[in-house]
Amino acid sequence: MKITLEPRTTDLGVIEPAHAIEVLCAACGYDLDEAELEADACSDCGQVLNLRQHVSIQVTTVPAAAGGTLR
């Protein structure tokens, strides 16, 4: 199961970047869906679920920068 969240700015002005979360079976790496999560068993390997998450974060803003040259 892959959950994708768009970037947003919180009420406090903090920017939460866009990110995606994948929920996988820790035993075999199978990409799980909601029905398998509810059943608490992996349909690929048959083991009781022990979850693993893979999170990817996208950089959405670049902070201001200053530059110069040395003489």
Side-chain angles (χ1 to χ4, degrees):
M1 175 171 65
K2 187 172 186 175
I3 301 166
T4 304
L5 301 167
E6 296 298 319
R8 69 181 189 100
T9 303
T10 65
D11 294 338
L12 300 174
V14 176
I15 298 173
E16 290 184 1
H19 57 287
I21 303 168
E22 290 181 83
V23 180
L24 309 168
C25 173
C28 68
Y30 183 72
D31 185 15
L32 302 167
D33 63 20
E34 288 191 36
E36 293 163 325
L37 291 173
E38 290 176 17
D40 201 29
C42 178
S43 64
D44 192 47
C45 69
Q47 300 236 354
V48 174
L49 284 184
N50 185 9
L51 301 178
R52 179 175 67 183
Q53 289 186 347
H54 178 268
V55 179
S56 61
I57 301 171
Q58 298 175 3
V59 177
T60 57
T61 60
V62 178
T69 59
L70 297 174
R71 292 184 192 203

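Evaluation of the side chain to side chain contact (heavy atoms under 4.5 Å, CB included) rule for Ile57 yields Pro17, His19, Val55 as partners, not counting sequence neighbours. Residues passing the side chain to side chain contact (heavy atoms under 4.5 Å, CB included) test with Thr9, sequence neighbours excluded: Ile15. Residues meeting the side chain to side chain contact (heavy atoms under 4.5 Å, CB included) test with Ala39, sequence neighbours left out: none.
Expressed to the nearest 0.5 Å, how far CD of Gln47 lies from CG of Asp40 amounts to 12.0 Å. Leu24 contributes atom CG, which lies 9.0 Å from atom CG of Leu51 (distance to the nearest 0.5 angstrom). Between Arg52 atom CZ and His54 atom NE2 the span is 9.0 Å, to the nearest 0.5 Å.
The shortest side-chain heavy-atom distance between Asp31 and Lys2 does not fall under the 4.5 Å cut-off.
Connection of Leu49 to Met1 is established within a shared hydrophobic cluster, with ILVMFWY side chains joined at heavy-atom distances below 4.5 Å, either directly or through further cluster members.
Between the side chain of Glu36 and the main chain of Asp33, a donor-acceptor pair closer than 3.5 Å is present.
Between Cys28 and Asp44 the shortest heavy-atom distance is SG-OD2, 3.7 Å.
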